[in-house]
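To keep things clear, I will list the structure first and then write my remarks on it.
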Amino acid sequence: MKLDNKKIFKTLNPNRVWVPILIGLGIVFGMFYFDPSVNANTLRGVFDASAAFIVLAIVVIFFRDLGYVYRIREITQKEISWTRAIYVIILWEFASAVTPSVVGGTAVAIFILHKEGIKLGRAIAFVMVTAILDNLFFIIGAPVILYFAKGNIFPDSQLLKNQLENSLQAIFWISYGLYASYSLIMALALFYRPRVFKWILIKIFSIKWLRKWKHDAQEYGNQIIDASKELSGKNYNYWVPVILATIFIWSSRYLMLNALISAYIPLSLDNQVIVFARQVIMWIVMMISPTPGSSGTAEFFFGQFFAQFLGGYTFVTSILWRLLSYYPYLILGAIFLPRWIRQVFFKKKSNPSADAKESQP
């Protein structure tokens, strides 16, 4: 994997926050204008929320982010401090928020860890582990969650039926299969046969119309081998905390919306499970969105998935949901990014005399 600094800095650009914001606002205003059920009285409904559940939603999202910080510290074996881990997670989330969900912030995350002093092979290993663990939560957890939802996972939305018919279920299961296949292949490459993975990769990219990427494939194969060496021999004490942190992170991500909906409408235990399960389905829909951070897509599908529970509060809840779960990372990223760049790229250059003293015996 080549780290193209030019492309990465193009992604890590504070000015990019305006694209998803404008898309999101456009969809929100479109829904407000074209949906006859949404009016000024609907907006006043924001004040009907239970303050206790709103606070709970904020606390849950805070602990989710704390879980991210804890996990990256554990995965890197505490090689980065708590402060540096906060920077890594904020910038990682920012990169994910300003790129299409299908692209994600993987390359940026590797770049950030590398600039924090972690060797490239190790940075690739750590980011790949987080990706595999996140996918495994979905692959293993989804069937369990869907079972407890008792078949009420797909929304009974007339609009979705008219537009997609049964395509939503097909999209979900196809995406599930792709995620499962990808995770299996990468797990085998990292933990079982990295050299076989490299050999297969080179063979594939030896095909005539793929030959121009053969060198990149060979380099990526070498990096997978280096990443595999980094992860080999890790024991129980390494894996248990990061696995538990992953479960905590994703559970918190979903439970935040459960708390937010409960702020307006009391939910039975069965409905709490259904709301939780439907977020798994919606997450897949958002992952294939072509817009940065699923802007617009998330706001639109929120209503189709959860209007059944929220009724007239659907519109204001969707806005609060994005205000808590998405827009803070755009703002924090734009604030933290310039400071991080100064710290990482200019700190040493600004104090050459200190470097000279450190180099003396």
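As the structure is a computational prediction, the values presented were derived from the model and not from experiment.
Each of Y236 and I247 belongs to its own hydrophobic cluster when Ile, Leu, Val, Met, Phe, Trp and Tyr are linked at side-chain heavy-atom distances under 4.5 angstrom. Under a hydrophobic-cluster definition in which Ile, Leu, Val, Met, Phe, Trp and Tyr are linked whenever side-chain heavy atoms come within less than 4.5 Å, directly or via other members, L320 and I58 are assigned to the same cluster. In the hydrophobic cluster analysis, where Ile, Leu, Val, Met, Phe, Trp and Tyr join through side-chain heavy atoms closer than 4.5 angstrom, I341 is grouped together with I86. W92 and L66 sit in two unconnected hydrophobic clusters of ILVMFWY residues. Membership requires side-chain heavy atoms under 4.5 Å apart, directly or through other members. F336 and I331 fall within the same hydrophobic cluster, where Ile, Leu, Val, Met, Phe, Trp and Tyr residues are linked whenever their side-chain heavy atoms come under 4.5 Å apart, directly or through other members.
Nearest heavy atoms, P143 versus I139: CD-O, 3.1 Å. Looking at every heavy atom in both residues, G221 comes nearest to L201 through N-CD2, 4.2 Å. Minimum interatomic distance between V60 and S252 (heavy atoms only, all atoms of both residues): CG1-O, 3.1 Å. Between P338 and G333 the shortest heavy-atom distance is CD-O, 4.5 Å. Between L324 and A57, the shortest heavy-atom contact is CD1-CB, 4.3 Å. Annotation for A187 and I132: closest pair N-CD1, 4.0 Å, computed over non-hydrogen atoms.
Looking only at distances, a side-chain donor or acceptor of S228 sits under 3.5 Å from a matching main-chain atom of L190. The closest donor-acceptor contact from the side chain of Y326 to the backbone of A97 lies under 3.5 Å. Under the 3.5 Å distance criterion, the side-chain polar atoms of R64 are left unmatched by any main-chain donor or acceptor of I249. A distance-only check finds a donor-acceptor pair linking the side chain of R73 to the backbone of I80 [under 3.5 Å]. S251 places no side-chain N or O within 3.5 Å of a backbone atom of F248 that could act as its donor or acceptor partner. Y327 places no side-chain N or O within donor-acceptor distance of the main-chain N or O of R322, the cut-off being under 3.5 Å. Side chain of T246 to main chain of V242: a donor-acceptor pair is present (N/O by atom type, distance under 3.5 Å, no hydrogens or angles).
If you take CZ on R193 and CD1 on I200, they are separated by 11.5 Å, rounding to the nearest 0.5 Å. Atoms CD1 and CH2, from I204 and W199 in turn, are 9.5 Å apart once rounded to the nearest 0.5 Å. Distance check: I72 CD1 to F126 CZ gives 8.0 Å after rounding to the nearest 0.5 Å. Separating the OH atom in Y179 from the OH atom in Y176 is a distance of 13.0 Å, to the nearest 0.5 Å. Expressed to the nearest 0.5 Å, how far CG of L330 lies from CD1 of I335 amounts to 11.0 Å. The CD1 atom of I145 sits 11.5 Å away from atom CD1 of I140, with the distance rounded to the nearest 0.5 Å.
Here L310 pairs with I261, Y264, I265, F302, F306, Y313, T314, T317 under the side chain to side chain contact (heavy atoms under 4.5 Å, CB included) rule; sequence neighbours left out. By the salt bridge (charged side-chain N to carboxylate O under 4.0 Å, His left out) test, K208 pairs with no residue at all, sequence neighbours left out. With sequence neighbours excluded, no residue forms a salt bridge (charged side-chain N to carboxylate O under 4.0 Å, His left out) with D48.
The side-chain tip of R71 does not point at the ring of Y68 from less than 6.0 angstrom away and within 45° of straight on.
Between E74 and K234, none of the side-chain N atoms (NZ, or NE/NH1/NH2) sits under 4.0 Å from a carboxylate O, so this pair counts as no salt bridge. In this structure, E79 pairs ionically with R122, as a charged nitrogen and a carboxylate oxygen lie closer than 4.0 Å. Salt bridge D65/R253: absent, no basic N to carboxylate O contact under 4.0 Å.
Atom CZ of F63 has 12 or fewer heavy atoms from other residues, nucleotides or ligands within 6.0 Å. Counting non-hydrogen atoms of other residues, nucleotides and ligands closer than 6.0 Å to CZ of F62 gives a total of 12 or fewer.
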For this session: Might you work through the side chain to side chain donor-acceptor pair (under 3.5 Å) test for Q279 and W250, ending with a clear yes or no?
Result: CA-CA 11 Å; Q279 291 179 75; W250 282 94; over 6 Å; no
For this session: Take L120 and I110 through the test side chain to side chain contact (heavy atoms under 4.5 Å, CB included) and record every step on the way to the result.
Result: CA-CA 7 Å; L120 183 59; I110 294 170; 3.7 Å; yes
Exercise. Stepwise, does the side chain to side chain contact (heavy atoms under 4.5 Å, CB included) test hold for L210 with K214?
Worked result: CA-CA 7 Å; L210 299 176; K214 183 178 179 180; over 6 Å; no
Problem set entry | F94/Y329 under ring pair (Phe, Tyr, Trp, His ring centres under 6.0 Å): CA gap, chis, key distance, verdict | CA-CA 5 Å; F94 174 77; Y329 303 105; over 10 Å; no
For this session: Please lay out, stage by stage, how I207 and W209 fare under the test side chain to side chain contact (heavy atoms under 4.5 Å, CB included).
Result: CA-CA 6 Å; I207 298 171; W209 56 86; 3.7 Å; yes
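Y238 places a side-chain heavy atom less than 4.5 Å from the side chain of N235. Looking at I185 and F197, their side chains come closer than 4.5 Å, going by heavy atoms from C-beta outward. Between W340 and I90 there is no side-chain heavy-atom pair separated by less than 4.5 Å. By the 4.5 Å heavy-atom criterion applied to side chains, D216 and F205 are not counted as neighbours. Using a 4.5 Å heavy-atom threshold, the side chains of R278 and Q304 count as separate. At least one side-chain heavy atom of M186 sits less than 4.5 Å from a side-chain heavy atom of I224. When side chains are defined from C-beta on, Y70 does not count as touching I75, because their heavy atoms never get closer than 4.5 Å. Looking at heavy atoms from C-beta onward, V108 lies out of side-chain contact with L91 at the 4.5 angstrom threshold.
Side-chain contact of Q272 with S262: a donor-acceptor pair under 3.5 Å is present, judged by distance alone. For the 3.5 Å distance criterion, the side chains of W213 and Q218 fail to qualify, holding no donor opposite an acceptor. Using a 3.5 Å distance cut-off with no hydrogens or angles, the side chains of R84 and Q343 do pair a donor with an acceptor.
Note: W283 and F138 have tilted aromatic rings, judged against thresholds of 30 and 60 degrees for the angle between ring planes.
Residue V275 forms a side chain to side chain contact (heavy atoms under 4.5 Å, CB included) with just one option from N258, D270, L260, and that option is N258.
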